[in-house]
Amino acid sequence: MSDYKELLEVLLTGDGEKLETLVKEALENGVAANEILNQGLIASMDVVGARMESGEMFIPEVLMSAQAMGGAVEILKPLLSEEDSAVAGKVVLGTVKGDLHDIGKNLVAMMLESAGFEVIEMGVDVTPEKFVEAIKDNDADILALSALLTTTMPMMAQTVKTIEESGIRDTVKILVGGAPVNQTFADEIGADGYAPDAGSASKLAKTLLKKSAYGSIQTN
Amino acid sequence: MLNRLQSLDRARTERLHSACMEVLNKTGILFNEPEAVEIFKANGFRVDGNKVYFEEEQVMNALKTAPSEFTIRARNPEKSVRIGGDHFVLSPGWGAPFIVDAAGDSRAATMADADNLCKLVQTSPHLDMIASAMVPPKDLNAKTAMAELLAACFTLTDMPLTTNPCSRENAIETIEMASIVWGSREAATASPVSIVSVNPTSPLTYSPEAAGGLIELARGGQALLISSMVMAGLSGPITLAGTAVLEMAESLAGIVLAQLVNPGVPCVCGGTSCSADLRFCSASIGSPELVKLMAISTQMSRFYGLPCRYGGGLTDAHFPDMQAGMESTLNIALSLVSGAHYMHQACGILGSYTEMSFEKFVLDEEIGGMVKRAISPVEISDETLALDAIDRVGCGGSFLMEPMTAKRCRSEFFMPKVSMRETYEKWNSNGRADVTKAAEKHVQDRLAAYVKPDMDPGIEKDLKAYIVAKANA
């Protein structure tokens with residue numbers, strides 16, 4: 001067991017170079033890669049997530065931390081067993097058809113990846129059919145839909161409907177988000193969850209998968 | 001004259017201009033609409049794929065045909081408005097999908113809300129224009145939604161129209177429906193009967209919908225409001241100078257296209273750019289940064305000889321509270337003071353454009369009325385200098401008994417409809433009701449007092465038939 005206080009401090013400042021040095025040092029000192037990943041990096045990134053949610057950290061600072069984390073994970077990857085590198089879940093993510101906005105969506109992708117999810121990034125202006133295809137091809141656990149325009153919100157409903165019609169609705173959890181979207185709207189269109197920001201999106205993704213795995217509600 | 005608000009001298013103005021020209025010339029603008037690219041090509045612009053590059057001379061030549069002021073005709077000719085020069089207009093809030101009621105509860109907007117907002121505009125003492133889709137109702141068929149909202153504007157009000165099409169098809173609808181109202185396409189397109197908002201997607205991109213709508217409406221002779229909402233730190237550089245340049249470049253690129261399609265078609269430049277709150281990555285439309293960007297934009301618009309859009313009853317608050325009042329007043333007042341000519345979103349907006357409040361609608365309207373009154377010039381004449389009265393009353397008297405005071409007591413000062421000016425005791429005995437309560441009652445009074453303006457029943461029938469045909473198409 002190592003002390004990850006310094007690693008946390010460095011991750012919080014977003015200094016990628018220094019973080020990589022620390023990770024390499026820990027490896028040289030014989031600490032297992034999976035321990036550095038889980039108890040060091042992912043645990044520290046949880047602190048970043050909490051500070052983002054509380055407003056202590058600004059999002060550009062969070063992104064610097066996430067980027068630094070990505071660099072450090074690359075060092076660990078070859079040293080992780082298949083089991084250790086298993087992802088928390090697979091998420092197909094995109095902005096619905098007719099909508100070209102992607103800043104919020106990209107942020108969600110970054111937070112999901114930092115939380116250990118594999119993100120299949122579909123980009124913007126994505127048709128319902130393309131989402132269905134991506135869920136099938138990747139055997140995804142979660143579909144995360146984004147819309148910024150009030151005029152494209154109905155396309156979220158259409159996307160959910162198309163997924164129902166294609167017979168794969170019960171294989172995937174659907175998350176929705178974007179400035180005009182709210183919980184009521186999510187309930188109305190039959191989504192499984194709504195997240196108001198990127199930090200809660202990754203938390204919600206984890207909660208939803210726990211729920212489905214154990215068949216009962218677990219709260220954080 | 002002392003002006004503390006981001007006053008640009010010649011050197012700073014020219015620096016911003018040349019930066020804007022560098023963006024247009026070096027980075028270019030992406031037009032994801034083949035027809036737009038063809039128009040630029042045919043006019044000798046450098047094009048690479050969908051990217052268009054502009055020479056300074058090409059931009060300045062195109063701007064020569066854009067008028068510095070123009071008129072938008074209203075169904076009631078007395079309500080026609082002039083935009084540009086010394087003339088400015090207030091147009092209501094637009095595009096909020098949710099209604100926040102007087103208790104602070106939020107719900108999806110309905111067609112009944114959209115109609116009621118039209119009625120508030122028609123009875124407004126301070127608004128100059130009606131806007132379609134002030135709230136996009138959830139209960140409409142997507143195929144006919146825009147047409148139904150336009151029909152509500154045309155039938156429930158007789159005011160000049162602001163509209164904001166989401167596609168080329170919506171743009172065509174605007175012109176076709178205006179043609180019904182005005183009797184023929186010629187009558188509706190001879191000079192503008194509407195101003196249409198076209199929004200580039202920052203940074204530096206025109207979607208097929210925006211560019212397609214722009215081309216269609218320029219052809220149809222309607223006034224174009226081509227303005228961006230760049231969010232500094234997100235869709236623009238975090239530094240305001242860079243964001244101001246981006247906004248201008250995007251706006252000018254669209255105006256050049258409009259002038260190539262129809263030289264002389266009226267265009268308004270500007271924006272509603274703001275800072276992002278980088279704790280949440282959301283737009284902060286109540287921020288002082290919006291005011292700084294506004295001050296630059298109004299001055300640069302004058303440099304280009306174009307009318308400018310900026311400001312509004314803008315706030316990030318979710319209730320018509322003190323924060324909403326602070327931010328909205330800051331925006332409305334300073335934009336009008338700085339010379340903005342067209343104020344989209346002048347009233348009703350909450351929650352960074354996501355919510356509409358009827359109560360805030362009439363409160364913002366009152367802010368607009370107060371600012372209009374504050375900036376209207378004080379009349380200086382023999383009568384208003386009142387030297388006779390001053391001499392008659394002399395030292396230590398009162399002017400309350402002067403005949404002029406009785407004659408002018410209802411007209412000389414701005415008379416608020418919602419704000420209270422009574423004593424503490426009166427307020428206390430009224431249950432300490434805040435201004436939102438008064439606004440709630442005022443909304444009800446206004447809706448009760450609404451009278452539908454006259455319209456030829458044949459026109460109304462044709463508008464209905466147009467919507468039915470759309471539904472069946």
Side-chain angles (χ1 to χ4, degrees), chain A residues 48-64 66 95 97-111 124-125 146-158 161 177-189 195-201, chain B residues 30 32 94-98 100 105-109 133-143 145-146 149 164-167 170 199-203 205-210 229-236 238 275-283 285 316 318 351-356:
Chain A
V48 171
R51 290 198 182 183
M52 177 175 96
E53 219 172 309
S54 68
E56 277 169 272
M57 275 183 89
F58 284 32
I59 289 174
E61 295 167 344
V62 173
L63 294 177
M64 297 305 283
T95 303
K97 184 173 179 292
D99 206 321
L100 303 172
H101 296 86
D102 65 356
I103 292 172
K105 172 189 68 65
N106 294 346
L107 208 55
V108 170
M110 193 84 99
M111 289 311 291
V124 297
D125 196 17
S146 172
L148 177 81
L149 302 175
T150 54
T151 47
T152 53
M153 283 167 71
M155 188 46 74
M156 279 188 159
Q158 180 59 47
K161 210 172 143 211
V181 178
N182 62 14
Q183 185 65 54
T184 317
F185 177 76
D187 294 341
E188 276 172 12
I189 66 168
D197 56 64
S200 10
Chain B
L30 190 63
N32 287 323
W94 183 92
F98 300 109
V100 169
D105 292 325
S106 163
R107 60 177 172 78
M134 291 180 277
V135 287
K138 210 182 85 172
D139 51 345
L140 291 182
N141 174 350
K143 268 161 84 179
M146 287 302 287
L149 290 162
N164 198 329
C166 301
S167 64
N170 290 159
N199 306 116
T201 310
S202 305
T205 305
Y206 276 76
S207 67
E209 291 80 12
M229 178 179 171
V230 189
M231 292 175 281
L234 286 179
S235 52
I238 193 164
S275 55
D277 189 315
L278 293 170
R279 292 170 302 172
F280 319 117
C281 276
S282 55
I285 63 173
D316 305 308
H318 297 286
S352 324
Y353 294 125
T354 56
E355 296 136 17
M356 174 69 71

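In the text below, chain A, chain B and the rest are named by the order of the sequence lines, each starting its count at 1.
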Spacing of [atom1] belonging to [X] relative to [atom2] belonging to [Y], to within rounding of 0.5 Å:
X	Y	atom1	atom2	value
A:Ile103	B:Leu234	CD1	CG	4.5 Å
B:Thr201	A:His101	OG1	NE2	5.5 Å
A:Met52	B:Cys281	CE	SG	8.5 Å
B:Ser207	A:Leu100	OG	CG	6.0 Å

Engaged part of B:Phe98 at the chain A interface, taking heavy atoms whose separation is under 4.5 Å: side chain

In terms of heavy-atom proximity below 4.5 Å to chain A, should B:Pro136 be classed as side chain, backbone, both, or neither? side chain

Which heavy atom of B:Thr354 sits nearest to which heavy atom of A:Ala179, and what is that distance? CG2-O, 4.0 Å

State whether the number of non-hydrogen atoms from other residues, nucleotides or ligands found under 6.0 Å of A:Lys161 atom NZ is greater than 12. no

I'd like to know whether CE of A:Met64 has more than 12 heavy-atom contacts from other residues, nucleotides or ligands below 6.0 angstrom. no

With a 4.5 angstrom heavy-atom cut-off, which part of A:Glu188 approaches chain B: side chain, backbone, both or neither? side chain

Which atoms of A:Pro60 come close to chain B, meaning under 4.5 Å heavy atom to heavy atom: side chain ones, backbone ones, both, or neither? both

